[in-house]
Novice: 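Mind having a look at this structure? Questions to follow.
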Amino acid sequence: MDSNLWLFDYKKGITYEQFSQCEDYNKKIFKFLSSYYNLWNKQILEIGAGSGKFTSFLASMCDQLFVVEKSESLMNINQKKNELLKNIKFILDDIKNLNLPEHSVDYIFAGWSLTSMRNLFECLFPLFQKVLKKDGEMILVENAGNDEFCQVVHIENFTDEMKREYLKMGFKQRAILDTLIKLPNKEVFYNAFEGVDKMQLKSLNIKHKVLILDKKF
Ligand SMILES: C[S@@+](CC[C@H](N)C(=O)[O-])C[C@H]1O[C@@H](n2cnc3c(N)ncnc32)[C@H](O)[C@@H]1O
């Protein structure tokens, strides 16, 4: 599997955005994050923010949100969606070039993005440690595996492997949420996952288990 282009061709921003809007139909992830973590008035760094699945949610609570994304087409969509929010600073760059002041953020948030940065872990974790405040925390949203979504896109083993890796790195499992991907039609799915066998998808509702992990630094 290509570690740079994991699952999606991120250059196709619109295709990704259309699929992204179908994820977590019942907003269980937002509900969990806002009840479990105190994001109010905090400084948050969102890495690999994509087209903004979590950006407006985070910005609605925090004081200042730094959004880092390396794909121009995804960043354009994100910026357009959030152009009225004044507390977001958009940084179009590779996360490895992150240049924020030392100990300046309370949380680093990665929504389905840290896994696609796994070829950079060695340089990223010292960087994260540097920008996080003392007692700062990193929050991950990842696939939990053992569900219809991972089966359909053939990432069951890979998902288990990554989960073990995160636990080994000291991340704690906070929740597994039973969410739903609700598609308007099958094309939205097949456009996002071009390599997937078209016979795989049985319904427009896909069960998706979502894993929430965190780690204090
Ligand atoms: C699966 S997408 C998730 C996007 C978004 N957080 C969401 O939940 O919809 C992973 C994102 O990480 C971004 N990404 C991957 N490696 C990156 C890097 N080295 N620097 C910045 N962004 C990166 C990709 O461009 C992509 O937008």
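Order of listing sets the numbers, starting from 1, for every ligand and every atom in it. In what follows, every heavy atom counts, from backbone to side chain, and hydrogens, waters and symmetry copies are set aside.
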Novice: Looking at ligand 1, would Glu69 count as a contact under a 4.0 Å heavy-atom criterion?
Specialist: yes

Novice: Can the ring centroids of Phe128 and Phe217 be said to lie less than 6.0 angstrom from one another?
Specialist: no

Novice: Please classify the Lys70 to ligand 1 contact at 4.0 Å (heavy-atom distances, strictly less than): side chain, backbone, both or neither.
Specialist: both

Novice: In terms of ring plane angle, is the pair Phe149 and Phe19 parallel, tilted or perpendicular, where the classes change at 30° and 60°?
Specialist: parallel

Novice: Check whether any N or O atom of Phe54, backbone or side chain, sits under 3.5 Å from an N or O atom of ligand 1, and answer yes or no.
Specialist: no

Novice: Would you say Ser51 and ligand 1 have an N/O pair spaced under 3.5 Å apart?
Specialist: no

Novice: So, using ring pair (Phe, Tyr, Trp, His ring centres under 6.0 Å) as the criterion, who are the partners of Tyr36 when residues are at least two apart?
Specialist: Phe32

Novice: Among Asn143, Asp147, Asp178, find the one that has a side-chain hydrogen bond (donor to acceptor under 3.5 Å, both in side chains) with His208.
Specialist: Asn143

Novice: Could you grab the distance from atom CD of Glu122 to atom CG of Leu120, nearest 0.5 Å is fine?
Specialist: 10.5 Å

Novice: Out of Glu46, Arg118, Met117, Met75, indicate the one that has the non-hydrogen atom closest to atom 14 (N) of ligand 1.
Specialist: Met117

Novice: Give the numbers and elements of all ligand 1 atoms closer than 4.0 Å to a heavy atom of Leu120.
Specialist: 19 (N)

Novice: Any N or O on Ile95 sitting closer than 3.5 Å to an N or O of ligand 1?
Specialist: yes

Novice: What atoms of ligand 1 come closer than 4.0 angstrom to any heavy atom of Lys53?
Specialist: 7 (C), 8 (O), 9 (O)

Novice: By the definition side-chain contact (heavy atoms from CB on, under 4.5 Å), identify the one residue from Leu45, Leu213, Ile47 that meets it with Met138.
Specialist: Ile47

Novice: Does ligand 1 have any atom that is closer than 4.0 Å to a heavy atom of Asp93?
Specialist: yes

Novice: Geometry only, no angles: is Tyr16 polar-contacting ligand 1 at N/O separations under 3.5 Å?
Specialist: yes

Novice: Give, for atom CG of Asn87 and atom CD of Gln43, the distance between the pair rounded to the nearest 0.5 Å.
Specialist: 9.5 Å

Novice: Check this for me - ligand 1, Gly111, N or O atoms closer than 3.5 angstrom, yes or no?
Specialist: yes

Novice: Using the test side chain to side chain donor-acceptor pair (under 3.5 Å), find all partners of Ser51 that sit at least two apart in sequence or belong to another chain.
Specialist: Glu17

Novice: In terms of atom number and element, which parts of ligand 1 are under 4.0 angstrom from non-hydrogen atoms of Trp112?
Specialist: 1 (C), 2 (S), 3 (C), 8 (O), 10 (C)

Novice: Closer than 4.0 Å to some heavy atom of Leu74 - which atoms of ligand 1 meet that?
Specialist: 27 (O)

Novice: Would you kindly check if the NZ (Lys) or CZ (Arg) of Lys182 is within the cone defined by 45 degrees around the ring axis of Tyr25 and under 6.0 Å from the six-membered ring centre?
Specialist: yes

Novice: Considering the heavy atoms of Ser116, write down every atom of ligand 1 situated less than 4.0 Å from one of them.
Specialist: 10 (C), 12 (O), 15 (C), 16 (N)

Novice: If you measure from CG on Leu39 to CD1 on Ile139, what distance do you get to the nearest 0.5 Å?
Specialist: 5.5 Å

Novice: Between ligand 1 and Ser113, is the shortest N or O to N or O distance under 3.5 Å?
Specialist: no

